[in-house]
Every structure is written in C-alpha cells, then in structure tokens.
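Below, each value reflects all heavy atoms present in this structure, side chains not excepted, and no hydrogens, waters or symmetry copies. Just so it is clear: chains get the letters A, B, ... in the order the sequence lines come, proteins before strands, and each one is counted from 1.
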There are 2 protein chains.
Amino acid sequence: MDENRYEVLKLKNQLCFPLYACSREVVKRYKPFLDKIDLTYTQYIAMMVLWEKKSLNVKELGECLYLDSGTLSPLIKKLEVKGLITRKRSDKDERNLIVEITSEGEKLKEQAVDIPMQIAGCTNLSEEEAMLLYSLLYKIIGRI
Amino acid sequence: MDENRYEVLKLKNQLCFPLYACSREVVKRYKPFLDKIDLTYTQYIAMMVLWEKKSLNVKELGECLYLDSGTLSPLIKKLEVKGLITRKRSDKDERNLIVEITSEGEKLKEQAVDIPMQIAGCTNLSEEEAMLLYSLLYKIIGRI
DNA sequence: TGTAATTAAATTGTTCGCAATTAAATTACA
DNA sequence: TGTAATTTAATTGCGAACAATTTAATTACA
C-alpha cells in the first residue's frame, strides 16, 4: 500500500503549478489595458525599465527582466518600429547595443501611469498579503 | 514635484513582475530533470493530471491546467507521438476528444516520482513559507 | 604583438500561450 | 421537426521564452 509514493505527483501538491498558473492569469488581466497602448506584457515591463533608466544596453535590460538576448533582440526591434526607443551600438564597445527611450516613448508613460491602479483590484489580497507574497517571491528569485 | 506619480510604474513596485519572473525561473529549474524523461514543463503537468485521472477530454484537462485547446491540441498530439497517451473521439459525443494514458505513460510515472523531491530544494522557503505562498497564489487564482 | 579566451548580441529552431476563427456535433426551442 | 444557438476541438497567426549556435568585438596573456 505505498500508492502514497505518487501523492507528490498530484497537481494539488505542487507549488510550482499555482505559480505558473497565477502568473499567466495575472498577465492576462493586463491585456485589455495594454491593448489600449499597443504593448504586450513583456514590452510593457521593458518600457518600465526604460521609463526609469532612459538608456541601457541589452545585457543590462536582460538583467533587470531576467530575460536573454534571444527574447529581447526581437522585442527591442518591435519597440523601435513603434518609435518608442532607438537602437544604436556603443562607441566605446561596439558589442553593446544601447537602447534609449524616445520622446514618443516618454509620452507613452503618461498613458500607462494609471494601469497599476486599475490592475490593483485584480487580486483579492489585502495590503499585508500582497506584501507578503512580494517578499516570498523575491526570496525565491534571489536564491536562483 | 509630483514625479511620485510615476513611482507606481517602477518594476520594483510591481507584484506581477516577480510573479512572472519567479514562475519562469522555477520552471527553468525543472528542465534538467524533465530533459531526462523527455518532457517539457507543460507536458509534465499534463501528464500529472493523466497519471491521476487516467482519462479525460480536452476541456477537462484544460480546466485542470487553465489552458485552452489552442495550447493543448498540439501538445496532446506530441504526447501521442511519444506513445504516452491515446487520442480518440467519444462515442457519446463526438465533439469530445478523449485523452487516455497508455501503459507506456503509466511507466513514465515511475521515472517522474522522484522529481518533486529533487526540486523541493530549489526554493529556499521554509515549510511554513511554502504553504503560505501556496495559499496566497490559490487565493488569487480562485478569484480570477 | 599575436593568438586564445571571453563577452555581447543576434540568429535559429522548437514549444508554448493565447486571441480569434473555423468546423463539426449537439442541444434548445419555436 | 427544423433552424438557431451552443459547445468542443482544431486551426491560424503572432509574440514570447529559451537552448544552442554564430558573429563580431574586446580582453587576456604567452
């Protein structure tokens, strides 16, 4: 009677699964708001970094977002096509591609500023629970 | 001086971002283990449901995983090619595709049973913290 | 100095993830 | 009963994610 061996393989006993499911569900919640400013979620978080930092290279952006050039290279090109950023090689080290926000990109910030508040109601967590969740997530990320 | 308006747009003030980043990082942790049994993470959680339920249709599988047929249809075909499941239309209602585990699929369970324990050390959370995280995540998922 | 090692970004190829549409089967109900 | 509405999967198209490889530039160091 050691069928209990398999209990660990049940979805309900997994921690990773709700993490994966929850992440996708919350990102989906952003969609109607992001559609209005013609950004995907990944483009949005990339713009968040650029709204704050104005200019950085692909590697630095990747460190902020935990994404590599395989994901970022095509994404950055799409942001350039939209006119939100510029791409140019560094003079000091031509291996580096400098991504810089444009005035058009800066303007988008104004349209995006209300999104966090509109999204806030999407979770039914209290302020304390949200802060707790935040710190637990960063505790895991920090170790990885 | 209301530059504080933009504080909400900083990555560090987002709850969704660490959720998104953490999910991807943890899934990445599964990769070396899942490579050994030739499954992707999504295929793995689909197999988890099948190890438990033996047989269900696409809709039911989708409800378990919060995924739709757009994601599942091609994934199920790949599992069939691997010989882990069979696909057949229901006699009662031909709209339903019944996905059923094969003996080959059952055998894989034996190889997978150690993965959860091997992964367990991937987070540096205590048992209490893990349970807390689990319940916070399901609280969000439940509402959505 | 010249070659080897390293670094940064881009590219390639595969698998999601999902919105929107399509096709086929079933159900509702006028 | 016959048509409309609904339901279920599959398909289409696009944008991530990511491993692995490639290309080009820079750095290390023999």
Side-chain angles (χ1 to χ4, degrees), chain A residues 17 19-35 38-47 56-82 85 87-99 144, chain B residues 16-17 19-35 38-47 56-63 65-82 85 87-99 144:
Chain A
F17 173 69
L19 200 51
Y20 160 84
C22 191
S23 166
R24 286 168 29 238
E25 294 295 336
V26 174
V27 167
K28 229 180 282 183
R29 275 290 167 116
Y30 277 84
K31 190 163 190 305
F33 301 103
L34 294 179
D35 279 351
D38 189 31
L39 290 181
T40 64
Y41 181 73
T42 313
Q43 290 167 9
Y44 172 61
I45 59 176
M47 289 307 297
L56 33 52
N57 63 40
V58 174
K59 190 190 181 214
E60 292 164 339
L61 182 58
E63 283 164 357
C64 292
L65 302 177
Y66 305 98
L67 289 170
D68 67 8
S69 67
T71 301
L72 290 177
S73 286
L75 184 143
I76 288 166
K77 285 181 187 170
K78 284 179 196 111
L79 294 178
E80 186 188 36
V81 169
K82 291 181 209 275
I85 57 123
R87 297 163 70 248
K88 95 179 213 325
R89 292 283 167 179
S90 165
D91 290 333
K92 308 232 181 268
D93 185 341
E94 297 220 350
R95 287 172 304 181
N96 288 284
L97 183 89
I98 299 175
V99 182
I144 287 175
Chain B
C16 184
F17 172 69
L19 200 51
Y20 159 84
C22 192
S23 166
R24 285 168 30 238
E25 294 295 336
V26 174
V27 167
K28 228 180 282 183
R29 275 288 166 118
Y30 277 83
K31 188 161 193 302
F33 300 104
L34 294 179
D35 279 350
D38 190 31
L39 291 180
T40 64
Y41 181 75
T42 314
Q43 290 167 6
Y44 172 63
I45 59 176
M47 289 306 297
L56 33 51
N57 63 39
V58 174
K59 190 191 181 212
E60 292 163 339
L61 183 59
E63 283 165 357
L65 302 178
Y66 305 98
L67 289 170
D68 68 7
S69 66
T71 301
L72 290 177
S73 285
L75 184 143
I76 288 167
K77 285 181 187 171
K78 283 179 200 114
L79 293 178
E80 187 189 36
V81 169
K82 290 181 207 278
I85 58 123
R87 296 164 68 250
K88 95 179 215 326
R89 291 284 165 180
S90 164
D91 291 333
K92 309 231 179 269
D93 186 340
E94 296 221 350
R95 288 172 303 182
N96 289 283
L97 183 88
I98 299 176
V99 181
I144 287 176

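- An OP1 or OP2 oxygen of dC16(C) is reached within less than 4.0 angstrom by a side-chain nitrogen or oxygen of K78(B).
- R24(B) has its CZ atom 14 Å from the C1' atom of dA19(D), to the nearest Å.
- Rounded to an integer number of Å, the gap from L65(B) CG to dC16(C) P is 12 Å.
- Across the protein-nucleic acid pair, Y30(B) atom OH and dC16(C) atom P stand 16 Å apart, rounded to whole Å.
- A straight line from CD1 of I45(B) to C1' of dG17(C) spans 12 Å, rounded to a whole angstrom.
- Nearest heavy-atom pair across Y41(A) and L34(A) is CA-CD1, 3.6 Å.
- Summarising the geometry, the separation between CG on D35(A) and P on dC18(C) is reported as 14 Å, rounded to the nearest angstrom.
- The interatomic distance linking K31(A) (NZ) with dC14(D) (P) rounds to 14 Å, in whole Å.
- Under the Watson-Crick and G-U wobble criteria, each requiring two contacts below 3.5 Å, nucleotide dA17(D) is paired to dT14(C).
- By the 4.0 Å N-to-carboxylate-O rule, K59(B) lies close enough to E63(B) to be salt-bridged with it.
- Between Y20(B) and dA17(D) there is a side-chain polar atom (N or O) within less than 4.0 angstrom of OP1 or OP2.
- Summarising the local packing, NZ of K92(A) is surrounded by 12 or fewer heavy atoms from other residues, nucleotides or ligands at distances under 6.0 Å.
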- Task: Would you mind building the protein contact string for nucleotides 5-11 of chain C? One character per nucleotide, 5' to 3', B for base within reach (heavy atoms under 4.0 Å), S for sugar-phosphate only, - for untouched.
- Result: --BSBBB
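- In this structure dT8(D) sits in a base pair with dA23(C), meeting the Watson-Crick or G-U test at under 3.5 Å.
- Without hydrogens or angle criteria, K78(A) side chain to Q43(A) main chain gives no donor-acceptor distance under 3.5 Å.
- In this entry the distance linking CD of E80(B) with P of dA10(D) reads 10 Å, nearest Å.
- No salt bridge links K77(B) with E80(B); every basic N to acidic carboxylate O contact stays at or beyond 4.0 Å.
- Counting only heavy atoms from C-beta outward, the side chains of K31(A) and K28(A) never approach each other to under 4.5 Å.
- Straight-line distance from the OH atom of Y44(A) to the C1' atom of dG15(D): 19 Å, rounded to whole Å.
- Distance from the side chain of T42(A) is smallest for dA16(D) among the nucleotides dC16(C), dA16(D), dA19(D).
- With hydrogens and angles disregarded, a donor-acceptor distance shorter than 3.5 Å links the side chain of R89(A) to the backbone of R95(A).
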